[in-house]
Amino acid sequence: MAQNPATIMECSRVFALPTTLFSWLVIFVYSWINFGNILFGIVALFGMIFAHLGTNLLDDYFDYKSLIKSVNFDKAEYLKNSQKTKCRYLVNGVMKESDVLLLIAIYYGLALLIGGFLWFKCGNGVFYYTLIACVVLILYPFISRICLSEVAVAVAYGPILFGGMFYVMTGTCSNEVFWLMLPSTIMTVVLLYIHTLMDYGFDTNEGKCTLANRFDSQLDALVVLKILLILAYVSVVLLCILDIFDWQVLLVFLTIPLSCDLYKSLKVFSCNPAERPVHKWYHYPMEHMKYFEDRDEDSFMIRIYQARNLMMYFSLIFVIGIYLSLAI
């Protein structure tokens with residue numbers, strides 16, 4: 001596999017890694033406050049990163065295999081698509097199928113090695129969390145075709161990530177962790193849902209059944225986005241009602257304008273996918289935008305970045321709220 005690191009990172013969709021990093025940060029800080037082992041928490045992060053990258057590629061690989069089997073598949077026409085960044089590197093031959101499979105094996109192999117180390121150091125609980133994670137990650141490319149991608153992501157970024165991290169760092173389980181996971185997990189599902197919402201037409205044409213394309217139109221599908229965003233903020237209030245945290249976690253309400261802005265941006269996209277949102281100071285970071293502009297993918301990627309950055313800002317402020325609530 002003679003690929004430069006930049007190509008490998010692009011194909012692995014490294015831009016999506018903050019989803020894992022900031023979800024991890026929430027439970028890492030909570031576990032640390034509860035006298036968790038910092039080193040084991042950091043080691044676990046690398047395992048999650050490798051698993052995330054491997055799953056991105058595995059999902060692309062099976063999407064590609066399904067795509068080329070389509071009777072009406074036209075390579076030249078497909079590459080004109082300015083929004084579908086997935087599989088492009090396979091369709092245009094930048095990477096071979098064998099390269100992708102090898103890279104998947106490397107990512108998953110590294111993740112399993114880290115899982116084995118943590119199992120040895122932290123106990124049998126790691127084995128069970130890792131086993132469930134493996135099942136979800138391997139099945140994701142298939143269950144994402146039957147309207148269950150949001151469920152799979154919620155399980156992976158919810159009980160598996162939060163429960164597993166708390167166990168690795170503290171050696172125990174806690175019911176509070178499964179309430180704590182709700183705001184961050186919902187925001188992660190929002191990011192995935194927005195991606196499938198913008199892929200509405202393409203997924204439909206490829207026979208991929210998603211929650212978004214079960215609606216009659218993209219505009220109709222926006223109701224799910226609205227519900228998810230509301231639930232994310234309501235779940236933070238619930239944490240206060242249950243006396244898990246104090247009022248400081250309500251600082252996440254500062255991100256409500258970002259959520260409203262994102263919703264409006266998706267509403268515009270549903271009517272006119274080519275309309276490019278105006279860059280505002282709170283939209284950043286948005287890396288490699290010149291690259292996406294040259295490929296006419298900026299309209300799509302700006303909104304993906306908006307969703308990702310909302311999740312990042314929400315999680316970061318949530319972490320600050322947790323620290324102020326429990327550690328001071």
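Under the 4.5 Å side-chain criterion, counting only non-hydrogen atoms from C-beta, L192 is not in contact with Y157. By the 4.5 Å heavy-atom criterion applied to side chains, L228 and V224 are counted as neighbours. The shortest side-chain heavy-atom distance between V234 and I230 falls under the 4.5 Å cut-off. Using a 4.5 Å heavy-atom threshold, the side chains of I143 and V151 count as separate. Residues P183 and L239 form a side-chain contact, since some pair of their non-hydrogen atoms from C-beta on lies under 4.5 Å apart. Counting heavy atoms from C-beta outward, L45 and F28 have side chains that stay 4.5 Å or more apart. At a threshold of 4.5 Å between non-hydrogen side-chain atoms, the residues S149 and V153 do not count as touching. Side-chain contact check for Y108 versus L137: some heavy-atom pair is nearer than 4.5 Å.
To the nearest 0.5 Å, atom CD1 of residue I304 and atom CD1 of residue I194 are 7.0 Å apart. In this structure, the separation between CD on Q306 and CG on L266 is 8.0 Å, given to the nearest 0.5 Å. If you take CD1 on I322 and CD1 on I317, they are separated by 12.5 Å, rounding to the nearest 0.5 Å. With rounding to the nearest 0.5 Å, the separation of CZ in F269 from CZ in R303 is 6.5 Å. Between the OG atom of S184 and the CG atom of L25 there is a distance of 9.5 Å, given to the nearest 0.5 Å. In this structure, the separation between CE on M311 and OG on S23 is 3.0 Å, given to the nearest 0.5 Å.
Cluster annotation: V237 is connected to I256 through the hydrophobic network of ILVMFWY side chains, with a link wherever side-chain heavy atoms come within less than 4.5 Å. One hydrophobic cluster, built from ILVMFWY side chains closer than 4.5 Å, cannot hold both L231 and L191; they sit in different ones. Following chains of ILVMFWY side-chain contacts shorter than 4.5 Å, one cannot reach F178 starting from V136, and the two form parts of different hydrophobic clusters. I138 and Y107 end up in different hydrophobic clusters when Ile, Leu, Val, Met, Phe, Trp and Tyr side chains are linked at under 4.5 Å. Put simply, L58 and L139 are part of two different groups of oily side chains (I, L, V, M, F, W, Y) that touch within less than 4.5 Å, one to the next.
When all heavy atoms of L118 and V126 are compared, the closest pair comes out as O-CG2, 3.7 Å. Of all heavy-atom pairs between L222 and S270, the closest is CD1-OG, 3.9 Å. Nearest heavy atom pair, residue I49 against residue T20, reads N-CG2, 4.5 Å. Between V168 and A44, the shortest heavy-atom contact is CG1-CB, 4.5 Å. When all heavy atoms are compared, the tightest approach of V252 to T255 is O-OG1, 2.7 Å. When all heavy atoms of I160 and Y129 are compared, the closest pair comes out as O-CD2, 3.9 Å.
Residues Y323 and Q248 have side chains that never bring a donor and an acceptor to within less than 3.5 angstrom of each other.
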I would like to know whether M187 and L229 meet side-chain contact (heavy atoms from CB on, under 4.5 Å); could you show each step before the answer?
CA-CA 7 Å; M187 276 299 181; L229 288 171; 4.1 Å; yes
For the pair S98 and L101, evaluate side-chain contact (heavy atoms from CB on, under 4.5 Å) and give the outcome as yes or no after the intermediate values.
CA-CA 5 Å; S98 57; L101 290 173; 5.7 Å; no
Before you tell me yes or no, could you show the steps for V14 and N56 under side-chain contact (heavy atoms from CB on, under 4.5 Å), namely the whole-Å CA-CA distance, both residues' side-chain angles and the distance that decides it to 0.1 Å?
CA-CA 9 Å; V14 171; N56 285 346; over 6 Å; no
Residue pair M48, M165: steps toward the side-chain contact (heavy atoms from CB on, under 4.5 Å) verdict
CA-CA 10 Å; M48 294 172 192; M165 269 293 299; 3.0 Å; yes
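N272 contributes no side-chain N or O that, together with a main-chain N or O of V268, makes up a donor-acceptor pair within less than 3.5 Å. Between the side chain of T185 and the main chain of L182, no donor-acceptor pair closer than 3.5 Å is present. Between the D261 side chain and the P257 main chain, no donor and acceptor come within less than 3.5 Å of each other. Put simply, the side chain of W24 gets close to the backbone of G41: a donor and an acceptor are under 3.5 Å apart. Looking only at distances, no side-chain donor or acceptor of R276 sits under 3.5 Å from a matching main-chain atom of S299. Between the S315 side chain and the M312 main chain, no donor and acceptor come within less than 3.5 Å of each other. At distances below 3.5 Å, at least one donor-acceptor pair connects side-chain atoms of Y167 with backbone N or O atoms of G125. At least one donor-acceptor pair closer than 3.5 Å links the side chain of R308 to the backbone N or O of F15. Of the possible donor and acceptor atoms, none in the side chain of D59 sits under 3.5 Å from a partner among the backbone N and O of Y140. T196 places a side-chain N or O within 3.5 Å of a backbone atom of Y193 that can act as its donor or acceptor partner.
Ring-centre distance between Y233 and F314: below the 6.0 Å cut-off.
More than 12 heavy atoms of other residues, nucleotides or ligands lie within 6.0 Å of CZ in F253, so this atom counts as buried by the packing criterion. At most 12 heavy atoms of other shown residues, nucleotides or ligands fall within 6.0 angstrom of atom CG in D216. In this structure, F46 places its CZ atom where only 12 or fewer heavy-atom neighbours from other residues, nucleotides or ligands lie under 6.0 Å away.
Using the six-membered ring where Trp is involved, F166 and Y30 have ring planes that are tilted, between 30° and 60° apart.
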